[in-house]
Amino acid sequence: MILDSKAPTGPIEKSWDDHRFNLKLVNPANKRKYSIIVVGTGLAGASAAATLAELGYHVKSFCIQDSPRRAHSIAAQGGVNAAKNYPNDGDSVYRLFYDTVKGGDYRAREANVYRLAQVSNNIIDQCVAQGVPFAREYSGMLANRSFGGAQVSRTFYAKGQTGQQLLLGAYSALMRQVHEGRVDLYPRTEMLDVVVEDGKARGIITRDVVTGKVESHAGHAVCLATGGYSNAFFLSTNAMACNVTAAYRAYKRGAFFANPCFTQIHPTCIPVAGEHQSKLTLMSESLRNDGRVWVPKERGDKRRPTSIPEGERDYYLERRYPSFGNLVPRDVASRAAKAVCDEGRGVGHSGLAVYLDFADAIKRDGRAAIEARYGNLFHMYAKITGEDPYSTPMRIFPAPHYTMGGLWVDYNLMSTIPGLFVLGEANFSDHGANRLGASALMQGLADGYFVIPYTIGPYLDSLARDNDMGLNPDAAAFKTTQKEATDRITKMMNINGKQTVDDFHKKLGRIMWDNCGMSREAEGLKGAIEQIPKLREEFWNDVSVTGTPGEFNQVLEKAGRVADFLEFGELMCRDALTREESCGGHFREEHQTEENEARRDDENFTHVAAWEHKGDDQEPTRHQEALEFEYVKLTQRSYK
Amino acid sequence: MSSLNLTLRVWRQKGANGEGKFVDYRLNDVSTDSSFLEMIDLLNNDLESKGEEPIAFDHDCREGICGACSMFINGQPHGPERGTTACQLHMRSFEDGATIVIEPWRARPFPVIKDLVVDRSAFDRIIAAGGYISAKTGSAPDANAIPIAKQDADLAMDAATCIGCGACVAACKNASAMLFVSAKVSQFALLPQGRVERATRVRNMIDQMDTEGFGNCTNTGACEAECPKEISLANIARLNREWIRSNFVLG
Ligand SMILES: Cc1cc2nc3c(=O)[nH]c(=O)nc-3n(C[C@H](O)[C@H](O)[C@H](O)COP(=O)(O)OP(=O)(O)OC[C@H]3O[C@@H](n4cnc5c(N)ncnc54)[C@H](O)[C@@H]3O)c2cc1C
Ligand code: SF4
Ligand code: FES
C-alpha cells in the first residue's frame with residue numbers, strides 16, 4: 001500500500017494557502033446536516049469541537065473526566081511557541097519551521113511543520129482574544145521566554161500553568177457552543193471502539209463510566225484527540241487516565257500506527273522516591289532558562305550539594321554543549337543525565353538524579369524574580385520532596401513524558417480509515433523523532449482551531465456526493481462492534497484472579513522502561529517482545545477486576561486500558577527493533593558516534609514507519625512513507 | 001524515609017441512592033514520602049487483591065492542577081495544609097498511629113456518585129451560561145494590539161488559577177459557589193477583551209448558580225481559607241460590583 005501524505009508540492013510558503021484554496025468547502029447551510037464526533041477535550045479536542053460547532057456543524061464531544069476542563073492538557077506547564085518575533089531577536093516562521101524539523105531529527109514531514117509554524121501566530125492572537133492571561137512586560141506587551149532547541153525567545157506563557165490557561169480558553173469556547181446547543185457533551189464517557197463499515201469510520205462505541213451503559217454513537221466523521229501513550233511505561237508525567245485505547249482500537253480496525261517507538265523522555269522530572277510511586281512529576285523545561293545542571297566530578301561524592309565547591313562540580317551540559325548549554329533539546333539532555341548516572345556520579349539516595357541549581361540565578365536576579373517566574377513549580381517540588389529548592393538544588397531525572405508516535409495521518413489529518421481524523425498528541429505528524437518544548441500545545445491548538453475545520457471539508461463533501469449521508473447506529477457494524485466491546489468487559493469481569501490491574505501495569509512498565517526506554521538495543525527489545533505476550537496471557541488468566549460492569553467501576557476502566565497497553569507495548573518494541581538507527585528520542589546502543597551522540601541512518605531510515613494490524617495472531621506489517629527534505633538540509637544535529 | 005501505621009475511616013456509598021456509612025481500615029507501612037492519594041492506592045491495592053471493591057475517588061493529574069481530586073480529610077476540604085490539593089498532600093504531614101477520616105464533598109448541588117466521587121457538572125453549566133469571551137476562531141486581532149497593564153494581567157491570572165475543584169462550596173455552610181463564580185467573572189472583568197460582555201456575563205452566571213441550588217454568600221470567608229489555589233475574597237467583592245453595575249446597564 002502506498003501511503004499518500006497528500007502534502008502539497010510547490011513553494012512551501014504558499015503550500016497551505018494553496019491547499020486551502022483547493023479544498024472543497026461545505027456550504028454554510030449544509031454544515032448543520034453533518035454530525036461530527038470528537039473524542040477528547042484536551043487542547044486539540046476542545047478547540048476542534050468548539051471551532052467546528054462555530055462553523056455550524058453539529059458536534060458530539062466525549063471525554064473520560066467528569067468535566068472537559070480536566071483533560072490532561074491542563075497540566076502543561078512551561079509554554080506555547082509562536083513565531084511572533086516580538087522580542088525582535090531574529091525569529092520568523094521559517095526559523096520556527098527549521099528548528100522544529102531539526103529538533104525532530106529530520107523525521108517529520110516538512111509541509112506539516114511549515115503549516116504548524118505558520119498558524120502558530122494565529123494561536124496566540126486567538127488565545128489573547130479569549131482572555132488567556134499570558135505573562136506581560138511592564139509595557140503591557142506579551143512576555144516571552146526560551147525553551148530547549150532554540151536560540152530565540154518565542155515561548156508565551158502563563159506562569160508555570162500555560163496548559164491550564166490555554167485549555168480553560170478552549171474549554172470556555174466549547175462550553176459556549178454547548179450553551180448554544182451546537183455541541184452535545186458526554187463527560188465521564190469512555191470510547192471503547194470505533195465502528196467501521198464499508199471502509200469508512202461511522203461512529204464509536206462508548207461506555208458511560210457512571211452507569212456502565214455501553215452505547216453506539218453514529219457520526220459523519222470521527223475525530224480522535226485522545227492524547228498520548230506515555231503511560232505504557234506505568235510511571236510517566238502523564239495524568240492517570242491517559243491511555244492508548246482509542247488510538248489502539250482504531251489501529252485494530254485498520255488505521256496505521258506511525259512510529260510507535262518515538263517516545264520522549266523528559267530530562268527534568270522529580271526522581272522516583274519509592275515503590276509507592278504512582279506517577280512522576282515534571283519540572284518544566286522553562287527552569288533550564290535559569291537553572292544550571294550539574295553532578296559532582298567525583299563518583300560516589302555523598303556530600304550535600306551546597307558543600308561541594310564550585311571547582312568540584314561538573315556542569316556537564318555547559319561543558320559538552322557550549323553553544324546551547326543547559327538549553328539543549330530534551331533527548332540530548334536526558335541521555336547526558338543517564339550517562340553521568342551510569343558513570344556513578346548520580347546524586348540522591350538512589351544515585352539516579354542530577355542537580356538543577358538556581359543559586360546563581362537567585363544571586364543574580366533575586367529570590368523574588370525567581371519566585372515570580374517559577375513559584376508554582378518550586379512549591380510543587382517542595383510539596384513532593386519535602387526539600388526547599390530556593391536553598392538547595394533540585395534533584396531531577398528523566399521520565400517518560402510525551403509520545404511523538406501516533407496514528408498515521410495525511411496532511412488533512414485523516415488516518416488510513418476514511419472519515420477517521422486524528423488530532424493533537426494522538427497523531428504522529430509534526431514532531432518527528434523528538435518534540436521541542438512548548439510545541440505540543442502549539443500543535444494541539446493548530447490542529448483544532450486552524451487545520452481540521454478546513455481539512456475535514458472534502459471528506460464530508462464526498463459523503464454528500466456519494467449519497468452516503470445516512471446515520472445508522474442500528475446498522476450491523478455497530479451491533480457487532482458493540483457486542484465485541486461488551487463481551488470483552490464480561491470476559492474481564494469473569495477472570496476473578498489474584499493480581500491487581502496495577503500489578504500488571506507495573507510489570508509492563510518495568511519491561512518497557514528497561515528495554516524500550518532511554519536507550520534500546522536489539523537483545524533487550526527481542527526479550528521484551530517475548531515477555532509481553534506472556535504477561536498478557538497472565539493478565540487474561542489472573543487479573544482481579546472487582547465490582548460489576550453496570551456501575552461506576554474504576555477498576556474495570558483501568559483494566560481495559562492496561563489490556564490495550566499490554567498489546568501496544570509489543571508494537572512499540574517491534575518498531576524500536578526494526579528502526580536500526582538512532583534518532584531523536586529513539587537511541588539504539590548499536591548506533592552511536594564515538595562521542596556517544598545518536599547516529600542517524602538517513603540512507604535507510606528517512607521514512608515514517610506505519611504499522612498495519614493483520615490480526616491478533618499475526619505480525620503486523622511495516623509500511624513506509626518516505627520523507628523528503630527540500631528546505632532543511634539533512635545534517636548531523638549539533639548543539640555544541 | 002520512614003513509615004506510618006494508620007487507621008482510615010472512609011465514607012463508603014454504593015451509588016447515588018444508596019445509604020452511606022463509615023468503614024474503618026487498618027493500613028500499615030505507609031511511606032512518609034508517598035502522597036495522600038498514593039496512600040489510598042496502597043489500601044485499594046490491598047482490597048483489590050482480596051477481591052474487595054476499592055474506594056472510588058476522582059483524581060487525574062496528581063499535580064494539583066486538574067481539580068479532579070476532592071475529599072474531606074479530617075473535616076477539611078483537601079486536608080490540613082493551606083494552598084494544597086489532596087493529591088499534593090504528603091503523608092509526612094501525618095503522625096504515626098493517626099486515625100484519618102475521609103469523606104466526599106457534602107453539598108446539595110454536588111450529589112454523591114459513589115464513595116468519594118461527586119457530580120460537579122453544575123460548575124460546567126455555570127461556565128456554559130456565560131463564563132467565556134465570545135471570540136470566534138479566526139476573528140482575533142494581533143495579540144499585542146491591545147496592551148494590558150501588567151498589574152491587571154497578573155490579577156486576572158491569579159483569578160484564573162481556579163481549578164474548579166469545588167472545595168469552596170464544600171467548605172461553605174451555605175454551599176455557595178460565589179468564590180468559583182467570582183474567579184471567572186474577575187478574570188474577564190480585569191481584561192479589556194472581557195469588558196464587552198461583562199454585564200450579561202455576571203447576570204447569566206449568577207442566574208445559573210441560583211438555578212443549580214447553590215446557597216447565598218454570607219461572607220464567612222471559609223471558602224478562601226480552604227481554597228487550594230488561594231483564590232482571594234477580593235474577587236467576590238469585584239463580582240458584587242460587577243453585579244451592581246450590570247443592574248444599571250441591563251436594568
Ligand atoms: C506535565 C506535562 C507538562 C507539559 N508541558 C507542556 C508545555 O509546557 N508545552 C507544551 O507544548 N507541551 C507540554 N506538554 C505536552 C502537552 O501537554 C500534551 O502533549 C498536550 O496537552 C496533549 O493534548 P491533546 O489535546 O492531544 O490530548 P490530552 O490533553 O491528553 O487530552 C486527551 C483527551 O482525550 C480524552 N480521552 C482519551 N482517551 C479516551 C477514550 N478512550 N474515550 C474518551 N475520551 C478519551 C481524555 O479524556 C482527554 O479529554 C506537557 C505534558 C505534561 C505531561
Ligand atoms: S475557587 Fe478555589 S476552592 Fe473554589 S473551585 Fe476554584 S480552586 Fe476550588
Ligand atoms: S488530581 Fe488533579 S488536582 Fe488533584
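Keep in mind that the numbers below use all heavy atoms, side chains included, and drop hydrogens, waters and symmetry copies. Order of the sequence lines sets the chain letters (A, B, ...), proteins ahead of strands, with each chain counted from 1.
- Taking every heavy atom of both residues into account, A:Cys269 and A:Thr237 meet most closely at SG-CG2, 3.6 Å.
- For B:Ser49, the parts sitting under 4.5 Å from any heavy atom of chain A are the backbone and the side chain alike.
- For B:Ser93, no part lies near chain A; criterion is any non-hydrogen pair under 4.5 Å.
- Contacts of B:Ile146 with chain A are made by backbone atoms alone, with heavy-atom separations under 4.5 Å and no side-chain atom involved.
- Contact annotation: the side chain of A:Gln126 never approaches that of A:Ser47 to less than 4.5 Å [non-hydrogen atoms, C-beta and beyond].
- Here the closest non-hydrogen pair linking B:Cys165 and B:Trp105 is O-NE1, 2.8 Å.
- Put simply, of B:Ile127, B:Leu89, B:Asp142, the one with the most heavy-atom pairs under 4.5 Å next to chain A is B:Asp142.
- Salt-bridge formation is detected for the pair B:Lys14/B:Glu53: a Lys NZ or Arg NE/NH1/NH2 atom is positioned less than 4.0 Å from an Asp or Glu carboxylate oxygen.
- Annotation: the span from A:Tyr138 atom OH to B:Lys150 atom NZ amounts to 5.0 Å, rounded to 0.5 Å.
- Chain B forms more heavy-atom pairs under 4.5 Å with one residue of A:Cys242, A:Gly131, A:Ser544 than with any other, namely A:Gly131.
- Side-chain contact between A:Asn144 and A:Phe134: absent, with no pair of heavy atoms (C-beta onward) separated by less than 4.5 Å.
- In the model, B:Glu38 has a side-chain atom that pairs as donor or acceptor with a side-chain atom of A:Ser278 under 3.5 Å.
- In this structure, chain A has a heavy atom under 4.5 Å from the backbone of B:Ile55, while its side chain stays farther away.
- By the 4.5 Å heavy-atom criterion applied to side chains, A:Tyr449 and A:Asn122 are not counted as neighbours.
- Residues A:Asn376 and A:Gln77 have side chains not in contact (no heavy-atom distance under 4.5 Å, counting atoms from C-beta outward).
- Shortest non-hydrogen contact noted between B:Asn235 and B:Ala183 is CB-N, 4.4 Å.
- For residues 109-117 of chain B, a heavy-atom distance under 4.5 Å to chain A picks out B:Ile113, B:Lys114, B:Val117, given by residue number.
- Annotation: maximal heavy-atom pairing with chain B below 4.5 Å, among A:Leu168, A:Ile124, A:Leu174, A:Val555, occurs at A:Val555.
- Residue-level contacts of residues 155-162 of chain B with chain A, in order of numbering, are B:Ala156, B:Met157, B:Asp158, B:Ala160, B:Thr161, B:Cys162; threshold 4.5 Å between heavy atoms.
- When heavy atoms are compared at a cutoff of 4.5 Å, A:Leu445 does not approach chain B at all.
- Within 6.0 Å of atom CD in B:Gln151, 12 or fewer heavy atoms from other residues, nucleotides or ligands are found, so the atom counts as exposed in its surroundings.
- Ion pair A:Glu557/A:Arg561 flagged as a salt bridge, since at least one NZ, NE, NH1 or NH2 atom sits closer than 4.0 Å to an Asp/Glu carboxylate oxygen.
- Annotation: maximal heavy-atom pairing with chain B below 4.5 Å, among A:Met175, A:His379, A:Met240, A:Gln177, occurs at A:Met240.
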**Request:** Show your reasoning for whether salt bridge (Lys or Arg N to Asp or Glu O under 4.0 Å) applies to A:Lys279 and B:Glu63.
**Result:** CA-CA 10 Å; A:Lys279 78 169 291 248; B:Glu63 294 187 0; 2.8 Å; yes

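- Distance CZ/B:Phe123 to CD1/B:Ile126: 6.0 Å, rounded to 0.5 Å.
- Only the backbone of A:Glu137 comes within less than 4.5 Å of a heavy atom in chain B; its side chain stays farther off.
- Among B:Ala135, B:Ala128, B:Pro147, B:Ala140, the residue making the largest number of heavy-atom pairs under 4.5 Å with chain A is B:Ala128.
- The stretch residues 494-501 of chain A places A:Lys498, A:Thr500, A:Val501 near chain B, each with some heavy atom under 4.5 Å from a heavy atom of that chain.
- Ionic pairing of B:Arg92 and B:Asp33 is present here: one or more N-O contacts between side-chain nitrogen and carboxylate oxygen are shorter than 4.0 angstrom.
- Heavy atoms of B:Asn45 lying under 4.5 Å from chain A belong to its backbone as well as its side chain.
- With a 4.5 Å cut-off on non-hydrogen atoms, A:Ser73 does not touch chain B at all.
- In this structure, the side chains of A:Phe450 and B:Thr137 come closer than 4.5 Å at one or more pairs of heavy atoms.
- Between chain B and the residues A:Met380, A:His349, A:His179, the largest count of heavy-atom pairs under 4.5 Å involves A:His179.
- Within the 4.5 Å cutoff, no side-chain heavy atoms of A:Asp66 are placed close to those of B:Asp119.
- Side chains of B:Phe57 and B:Ile102 form no contact here, defined as non-hydrogen atoms less than 4.5 Å apart.
- Listed here is the closest heavy atom pair of B:His78 and B:Ala167: CD2-CB, 3.6 Å.
- In this structure, a donor-acceptor pair under 3.5 Å is present between the side chains of A:Tyr171 and B:Asp124.
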**Request:** Please step through side chain to side chain donor-acceptor pair (under 3.5 Å) for the pair B:Tyr25 and B:Arg12, ending with a clear verdict.
**Result:** CA-CA 12 Å; B:Tyr25 300 94; B:Arg12 304 298 312 252; 2.7 Å; yes

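- B:Asp58 and B:Arg120 are joined by a salt bridge, as a carboxylate oxygen and a charged side-chain nitrogen come within less than 4.0 angstrom of each other.
- Contact count against chain B (heavy-atom pairs under 4.5 Å) is highest for A:Arg176 among A:Gln554, A:Arg188, A:Arg176.
- No other option in B:Ala129, B:Ala16, B:Gly15 has as many heavy-atom pairs under 4.5 Å with chain A as B:Ala129.
- Between chain A and the residues B:Ala68, B:Ala149, B:Ser139, the largest count of heavy-atom pairs under 4.5 Å involves B:Ala68.
- Counting heavy-atom pairs closer than 4.5 Å to chain B, the top residue among A:Ser172, A:Ala241, A:Pro187 is A:Ser172.
- Within the model, atoms CD1 of A:Ile74 and CD1 of B:Ile163 stand 9.0 Å from one another, a figure rounded to the nearest 0.5 Å.
- Counting heavy-atom pairs closer than 4.5 Å to chain A, the top-ranked of the candidates B:Gln88, B:Arg62, B:Glu52 is B:Arg62.
- Among residues 185-199 of chain B, the residues having any heavy atom closer than 4.5 Å to a heavy atom of chain A are, in sequence order, B:Gln187, B:Phe188, B:Leu191, B:Gln193.
- Taking the side chain as every heavy atom from C-beta outward, A:Glu387 and A:Tyr381 approach each other to under 4.5 Å.
- With rounding to the nearest 0.5 angstrom, the CZ atom of B:Phe94 is 5.5 Å from the CD1 atom of B:Ile73.
- For CG of B:Asn28, the number of neighbouring non-hydrogen atoms (other residues, nucleotides, ligands) closer than 6.0 Å is greater than 12.
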